[in-house]
Trainee: 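Dropping the structure in here first, questions after.
Both backbone and side-chain heavy atoms feed into the values below; hydrogens, waters and symmetry mates do not. All residue numbers in this chain count up from 1 along the given sequence.
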Amino acid sequence: MSARDSRVKVINLGLGRTGTFSFLEAMNILGLGPCYHMAAVLEGGVKHIDCWENVHRGINVEENLLELFNFQPFQSGCDYPLCLYPEALLRTFPEAKYVLSTRPVAQWKRSVMTTILPVSTTLMYLPSFVWPFGWRLYNWVQEILWGPKAQFEGNFRENAERKYEEHLALVKRTIPEEKLLVIEVGEGWDRLCAFLEVPVPNQPYPRSNDSASFMDNLWNHFPAFSVYLIRGVAYVQSIFGKSDVRVKSD
């Protein structure tokens with residue numbers, strides 16, 4: 001697969017927690033899957049992190065993006081970390097169409113603070129000491145999202161609104177207007193299908209992975225992450241001797 005004859009049809013550059021998991025499911029319904037998502041990193045392991053670290057550090061960026069989309073025959077993509085690199089993605093996949101999913105910034109901030117922020121900082125920290133992949137995963141996420149030189153400049157609570165608006169402006173400035181569709185979470189099929197030139201499915205647009213179901217989805221859909229957390233709880237038990245800690249395993 002080359003940058004000029006890519007199978008990649010559409011990439012959603014909306015930040016995580018703007019309906020990206022629903023978008024992934026929508027792409028599968030439309031026959032545009034598989035869709036690259038943070039889930040692919042959790043399931044794919046170190047080889048994905050190796051490529052993303054290179055992308056983030058500006059090392060052979062297009063080659064690494066092509067390799068990531070070749071791990072499976074991905075036709076689409078969304079969510080972190082992919083959404084952080086609109087300029088590199090446009091260079092690598094110039095024939096793709098681009099979507100920017102949005103939601104009211106206060107809702108987005110609240111969703112991040114109750115889902116991916118605590119999971120990828122506090123909850124991931126202890127397991128990172130007992131699982132080599134966990135250590136790589138934890139440090140990489142801090143490098144791209146939460147650290148002082150990362151997307152949110154070391155303070156999500158203080159910088160969230162500004163960085164959200166800056167991201168929207170970057171995407172709109174980078175992607176040619178005729179190749180970009182801006183959508184709102186909950187909008188449904190019509191404008192998306194018209195933009196992608198595909199029929200509207202005879203089923204509702206997916207609505208999944210809201211804040212209430214976020215942890216259940218981690219357990220049920222991403223076994224590698226479940227193992228990661230189980231090892232962390234076991235580590236805590238070994239230190240503090242809390243034998244009454246229970247871990248959901250079904």
Side-chain angles (χ1 to χ4, degrees), residues 6-44 69 72-84 86 89 93 95-120 164 167-168 171-172 175 177-226 248 250:
S6 169
R7 74 173 73 90
V8 178
K9 301 298 191 298
V10 57
I11 294 174
N12 183 350
L13 295 170
L15 294 176
R17 308 309 299 164
T18 61
T20 54
F21 196 79
S22 297
F23 183 87
L24 177 153
E25 295 185 332
M27 293 302 98
N28 290 333
I29 292 169
L30 294 176
L32 295 174
C35 179
Y36 198 101
H37 180 277
M38 179 63 91
V41 181
L42 296 178
E43 294 165 354
F69 274 81
Q72 294 183 43
F74 291 106
Q75 296 188 84
S76 54
C78 65
D79 199 56
Y80 296 119
L82 179 148
C83 63
L84 299 177
L89 287 164
F93 306 114
E95 297 176 4
K97 294 184 176 183
Y98 291 84
V99 171
L100 177 61
S101 56
T102 65
R103 67 188 297 185
V105 65
Q107 292 181 11
W108 168 78
K109 180 179 180 180
R110 183 167 59 250
S111 179
V112 171
M113 292 186 68
T114 58
T115 57
I116 59 175
L117 179 60
V119 166
S120 60
Y164 181 86
H167 179 76
L168 298 189
V171 172
K172 292 175 183 179
I175 307 300
E177 185 176 353
E178 67 276 10
K179 295 179 70 66
L180 179 66
L181 175 69
V182 181
I183 60 173
E184 182 85 10
V185 169
E187 187 172 319
W189 289 116
D190 291 348
R191 293 178 64 241
L192 179 63
C193 289
F195 178 67
L196 298 177
E197 301 178 277
V198 297
V200 175
N202 189 26
Q203 64 185 97
Y205 188 90
R207 297 189 65 180
S208 57
N209 209 35
D210 60 14
S211 296
S213 61
F214 179 80
M215 287 305 300
D216 280 343
N217 282 334
L218 281 180
W219 285 104
N220 295 329
H221 293 289
F222 312 132
F225 195 81
S226 301
K248 180 177 177 180
D250 56 1

Trainee: Are Leu32 and Val10 side-chain neighbours, meaning at least one heavy-atom pair lies under 4.5 Å?
Mentor: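 Leu32 reaches Val10 side chain to side chain.
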
Trainee: Under a 4.5 Å cut-off applied to non-hydrogen side-chain atoms, are Ile11 and Cys78 in contact?
Mentor: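 They are not in contact (no side-chain heavy atoms under 4.5 Å apart), so the answer is no.
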
Trainee: Is any side-chain heavy atom of Lys9 closer than 4.5 Å to a side-chain heavy atom of Ser76?
Mentor: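 No; the side chains remain at least 4.5 Å from each other.
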
Trainee: For Thr18, check side-chain hydrogen bond (donor to acceptor under 3.5 Å, both in side chains) against everything at least two apart and list the hits.
Mentor: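 Thr18 satisfies side-chain hydrogen bond (donor to acceptor under 3.5 Å, both in side chains) with Ser101 once adjacent residues are dropped.
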
Trainee: Between Leu84 and Leu15, is there a side-chain heavy-atom distance shorter than 4.5 Å?
Mentor: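 SC-SC contact between Leu15 and Leu84 confirmed.
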
Trainee: Would you give the length of the straight line joining atom OG1 of Thr115 to atom CE of Met113, rounded to the nearest 0.5 angstrom?
Mentor: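 Output value for this atom pair is 10.5 Å.
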
Trainee: Can you find a heavy atom in the side chain of Val99 that is under 4.5 Å from one in the side chain of Phe195?
Mentor: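 Answer yes - side chains close enough.
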
Trainee: Write down the atom of Ala96, the atom of Lys179, and the distance for their closest heavy-atom approach.
Mentor: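 For Ala96 and Lys179, the tightest heavy-atom pair comes out as O-NZ, 2.8 Å.
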
Trainee: Going from CG on Leu13 to OH on Tyr98, what distance comes out if it is rounded to the nearest 0.5 angstrom?
Mentor: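 It comes to 7.0 Å.
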
Trainee: Would you say Val41 and Met38 make side-chain contact, with heavy atoms under 4.5 Å?
Mentor: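 Val41 vs Met38: side chains touch.
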
Trainee: If you round to the nearest 0.5 Å, how far is CG of Asn12 from SG of Cys83?
Mentor: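 That separation rounds to 8.0 Å.
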
Trainee: Can you tell if the side chain of Arg103 reaches within under 4.5 Å of the side chain of Ser111, non-hydrogen atoms only?
Mentor: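 Contact flag for Arg103/Ser111 side chains = yes.
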
Trainee: Look up atom OG1 in Thr20 and atom OH in Tyr80, then write down how far apart they are to the nearest 0.5 Å.
Mentor: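 Between Thr20 OG1 and Tyr80 OH, I get 8.5 Å after rounding to 0.5 Å.
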
Trainee: About how many Å separate OH of Tyr205 and CZ of Phe23, when rounded to the nearest 0.5 Å?
Mentor: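 It is 6.0 Å, given to the nearest 0.5 Å.
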
Trainee: Test: salt bridge (charged side-chain N to carboxylate O under 4.0 Å, His left out). Region: residues 183-200. Which pairs qualify, not counting sequence neighbours?
Mentor: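 Sorted pair list: Lys97-Glu197, Glu187-Arg191.
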
Trainee: Is it the case that more than 12 heavy atoms not belonging to Glu177 sit under 6.0 Å from its CD atom?
Mentor: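 No.
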
Trainee: Is there a side-chain contact between Cys35 and Gln75 in this structure, where contact means two heavy atoms from C-beta onward sitting under 4.5 Å apart?
Mentor: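 With C-beta onward as the side chain, the pair stays apart.
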
Trainee: Looking only at atom types and distance, does a side-chain atom of Trp189 sit under 3.5 Å from a main-chain N or O of Ala194, one as donor and one as acceptor?
Mentor: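 No: the side chain of Trp189 does not pair with the backbone of Ala194.
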
Trainee: Minimum heavy-atom separation for Leu30 to Pro201, with atom names?
Mentor: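 Taking Leu30 first and Pro201 second, the nearest heavy atoms are CD2-CG, 3.5 Å.
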
Trainee: Nearest 0.5 angstrom please: Leu196 CG to Leu192 CG, how far?
Mentor: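 Spacing of CG (Leu196) from CG (Leu192) equals 4.5 Å.
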
Trainee: Return the set of residues passing side chain to side chain contact (heavy atoms under 4.5 Å, CB included) with Val182 (not counting sequence neighbours), or none when no residue passes.
Mentor: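 Expected list: Leu100, Thr102, Lys172, Leu180.
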
